[in-house]
Amino acid sequence: MASTSAEIIAFLLTISGWVLVSSTLPTDYWKVSTIDGTVITTATFWANLWKTCVTDSTGVSNCKDFPSMLALDGYIQACRGLMISAVCLGFFGAVFGLIGMKCTKVGGSDQTKAKIACLAGLIFILSGLCSMTSCSLYANRITSEFFDPSFVAQKYELGAALFIGWAGASLCIIGGSIFCFSIAETSNTPRRGYAYNGAASVMSSRTKVHNSVPDKTPPKHFDKNAYV
């Protein structure tokens with residue numbers, strides 16, 4: 001029962017993490033920068049993995065898509081590949097997680113379902129690591145440019161999408177680890193032992209039959225001389 005509850009908790013954590021990771025991919029604010037006037041913010045610059053935009057004080061946004069994938073910086077291409085891999089791995093992990101859970105009716109025996117659940121946990125851990133690496137790589141580029149005194153272009157700060165990606169990656173890794181530990185709990189579950197009492201029952205039945213048969217041996221008669 002405890003293993004089933006742990007698997008349900010792990011599934012909810014991993015699905016929540018996968019949803020957060022999937023929502024991070026198209027989110028706008030991966031990095032953000034503002035230009036403040038004397039009273040209000042005059043413009044907000046922001047960018048993600050697909051485009052860079054500027055929003056003025058009236059709320060009107062002007063965006064420019066990245067022209068070519070081959071002309072992009074290497075870290076943006078790496079972040080795109082890692083995030084897409086994280087989303088795809090999370091989908092397959094959810095499928096294997098449903099099959100491997102004990103509360104479902106598919107997957108075969110308990111040992112087979114435990115192995116499938118462990119596989120789902122490994123996939124979710126890999127998905128979380130991909131998302132964590134992507135967000136960390138993007139954040140490292142932002143911070144290195146921000147604290148570089150020789151960098152004269154527009155400097156950005158960490159956007160909300162990075163924190164959502166880190167949170168989703170953490171949930172995937174935690175839930176995947178619980179899935180992997182479920183196979184250890186299944187293997188350590190003691191099996192019921194059945195003692196074979198067939199021989200004892202046969203012997204007892206023979207003893208009962210032997211005792212139930214009357215003794216037909218004729219009684220012995222002794223003469224008087226036998227006592228002398």
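Each residue takes its place number in the sequence, starting with 1. Quick caveat: nothing in here was measured; it's all calculated off a predicted structure.
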Whether T143 side chain and N140 backbone form a donor-acceptor pair below 3.5 Å: yes
K31 side-chain N/O to L158 backbone N/O, donor-acceptor pair under 3.5 Å: no
Rounded distance (nearest 0.5 Å) linking atom CZ of R80 with atom OG of S85: 13.5 Å
From I84 atom CD1 to L89 atom CG, the distance as rounded to the nearest 0.5 Å: 12.0 Å
M132 and S170: CA distance, side-chain angles, deciding distance, side-chain contact (heavy atoms from CB on, under 4.5 Å) verdict: CA-CA 8 Å; M132 186 77 71; S170 300; 3.8 Å; yes
Remaining members of hydrophobic cluster (4.5 Å side-chain criterion), L13: I9, L20, I164, L171, I174, I178
Set of residues satisfying disulfide bond (SG atoms under 2.5 Å apart) with respect to C63, sequence neighbours excluded: C53
Minimum heavy-atom distance T55-S61, with the two atoms named: OG1-OG, 2.8 Å
Inter-residue atom distance I76.CD1 - S134.OG, 0.5 Å rounding: 10.5 Å
Spacing of OG belonging to S177 relative to CG belonging to L122, to within rounding of 0.5 Å: 9.0 Å
Heavy-atom donor-acceptor pair, S131 side chain to G128 backbone, under 3.5 Å: no
Co-members of the apolar cluster containing W46 [side chain, <4.5 Å]: Y29, V32
Residue pair T112, S109: steps toward the side-chain hydrogen bond (donor to acceptor under 3.5 Å, both in side chains) verdict: CA-CA 5 Å; T112 303; S109 62; 3.1 Å; yes
Linked, directly or transitively: L137 and L49 (ILVMFWY side chains, under 4.5 Å): yes
Side-chain H-bond candidate by donor/acceptor type, T27 with T24, under 3.5 Å: no
Considering all heavy atoms, the nearest K51-F66 contact: N-CE1, 3.5 Å
Reported NZ-to-CD1 distance for the pair K105 and I99, which is rounded to 0.5 angstrom: 15.5 Å
Main-chain N/O of L98 paired to T104 side chain as donor or acceptor, under 3.5 Å: yes
Within residues 111-142 or reaching into it, pairs that qualify as ring pair (Phe, Tyr, Trp, His ring centres under 6.0 Å) - sequence neighbours excluded: W30-Y138, Y75-Y138
Beyond-backbone contact of F179 with M101, side-chain heavy atoms, under 4.5 angstrom: yes
Joint cluster assignment, L72 & L82, ILVMFWY side-chain distance < 4.5 Å: no
Distance-minimising heavy-atom pair for A117 and G100: CB-O, 3.8 Å
Backbone of A94 reached by a side-chain donor or acceptor of W18 within 3.5 Å: no
Qualifying ring pair (Phe, Tyr, Trp, His ring centres under 6.0 Å) pairs with a residue from residues 143-163, counting only residues at least two apart or across chains: F163-W166
CD1-CG distance between I123 and L126, expressed to the nearest 0.5 angstrom: 8.5 Å
Selection residues 148-169 - residue pairs positive for salt bridge (Lys or Arg N to Asp or Glu O under 4.0 Å), sequence neighbours left out: none
